[in-house]
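Shown next, in structure tokens, is the structure this report addresses.
Residue numbers count from 1 along this sequence. Order of appearance sets the numbers: ligands from 1, and atoms from 1 within every ligand.
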Amino acid sequence: MKKSIYGLTLDQLTEWLMDQGQKKFRAAQVWDWLYKKRVQSFADMSNINKECIQLLEENFTIQTLEQAVKQVSEDGTIKFLFKLMDGNLIETVLMKFPYGYSVCVTTQVGCNIGCSFCASGLLRKSRDLDAGEIVGQIMKVQQHLDEAGNGDRVSHIVVMGIGEPFDNYTNLMNFLRVVNDQKGLSIGARHITVSTSGLTPKIREFAEEDIQINLAVSLHAPNNELRTQIMKINKAYPIEKLMEAIDYYLESKNRRITFEYIMLQDVNDHVEEALQLAKLLQNKRHLSYVNLIPYNPVDEHDQYRRSKSEDIKVFYETLKKKGINCGMRLEHGTDIDAACGQLRSKQIKKEKAKA
Ligand code: SAH
Ligand code: SF4
């Protein structure tokens with residue numbers, strides 16, 4: 001099966017074309033057709049010679065995603081379900097904010113981390129997405145905006161869809177370099193956030209990359225006992241190791257890091273946990289931001305409920321009093337299964353029921 005050309009960085013495309021005997025400037029021209037003019041067929045690249053077009057057609061396709069479902073929420077959030085060439089389904093969400101359009105992308109088909117509260121973890125990972133399939137999600141959503149005709153562009157990206165991005169590191173980095181490239185989509189690194197469940201060796205590797213992407217870490221609990229209960233990955237990478245890797249990241253990058261904390265009623269939302277969390281982050285509080293996230297109920301995980309809003313408020317105020325920067329995430333598209341993995345797992349259940 002041919003792969004999407006969206007998976008190549010400009011350097012990789014240049015090298016490939018030159019290896020095929022093409023002139024160096026061809027790559028920039030092809031790149032312009034792909035990301036500025038956004039054509040869907042190599043044959044439309046009118047200033048590219050026939051031989052080069054034939055080469056491209058023989059070796060690549062442009063888009064490998066097909067839209068299967070599109071749900072529009074009352075608040076304007078749009079959830080896309082895309083079908084990959086092998087029939088697998090993935091989901092991508094478009095959110096509108098006062099500061100621009102943000103897209104939440106998927107990096108794997110399913111997720112092996114298996115956090116106890118998450119819909120994505122219900123289905124084991126069947127494979128990684130390649131870089132072209134991750135870029136393809138942004139291109140599909142951009143195409144949707146192009147068709148609306150208002151000149152809008154995707155300005156922000158959050159890598160918070162299905163999958164653990166650091167478990168698909170090389171494809172993730174290629175994706176980030178493609179969308180960030182100034183000659184292409186030019187989405188600012190500071191407008192891109194990657195969220196990880198805390199794979200510490202990869203946090204260290206990420207700290208050494210020459211690109212200023214934001215990092216978010218799904219913490220969800222301030223002590224090992226509770227964190228292991230919620231996220232079994234904590235057994236392999238316990239909080240001390242995680243904090244060491246985060247300190248290394250902060251030293252290398254001197255950039256603020258976000259800690260995500262899902263508020264689960266009577267599980268991790270007591271004042272005691274807020275105090276523990278404040279203590280854990282005390283020495284890095286100038287470079288930390290805690291994002292308190294309302295839990296999006298998942299049918300299969302009915303042991304969890306969303307924290308009461310009074311409890312979230314008390315938790316928030318306890319953190320604030322201790323000097324921790326924090327905020328409460330606003331929700332988007334709860335009426336359309338926008339929690340990560342929900343639409344996909346429902347669609348798969350529906351299809352299984354039909355079969
Ligand atoms: N695997 C990565 C990124 C994808 S999940 C990670 O875990 O960080 C993105 C964020 O959504 C994570 O912080 C995750 O904990 C959160 N999340 C997962 N299921 C959720 C749910 N049902 N309600 C609210 N947030 C959820
Ligand atoms: Fe995977 Fe993230 Fe869901 Fe955990 S929260 S199962 S790491 S997608």
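Between atom 6 (C) of ligand 1 and the options S116, S218, C118, the minimum heavy-atom separation is to S218. Scanning G110, C118, S197 for the heavy atom closest to atom 5 (S) of ligand 2 points to C118. Atom 7 (S) of ligand 2 has its nearest heavy-atom neighbour, among D167, I230, I113, in I113.
Here K37 pairs with D32 under the side-chain hydrogen bond (donor to acceptor under 3.5 Å, both in side chains) rule; sequence neighbours left out.
Proximity to T196 (heavy-atom distance under 4.0 Å) selects the following atoms of ligand 1: 6 (C), 8 (O). The G114 neighbourhood of ligand 2 comprises atoms 6 (S), with distances under 4.0 Å to a heavy atom of that residue. Near G161, meaning under 4.0 Å from any of its heavy atoms, are these atoms of ligand 1: 4 (C). Taking every non-hydrogen atom of V298 and a distance limit under 4.0 Å, the qualifying atoms of ligand 1 come out as 22 (N).
With salt bridges taken as basic N to acidic carboxylate O contacts below 4.0 Å, none links K140 and E133.
Just one of K36, R153, R38 meets the salt bridge (charged side-chain N to carboxylate O under 4.0 Å, His left out) condition when paired with D146; it is R38.
For the residue pair D75/S73, the side-chain donor-acceptor check at 3.5 Å is satisfied.
Counting only residues at least two apart or in different chains, side-chain hydrogen bond (donor to acceptor under 3.5 Å, both in side chains) contacts with residues 159-169 comprise Q108-D167, K125-D167, E164-T196, E164-S197, N168-N171, Y169-E209.
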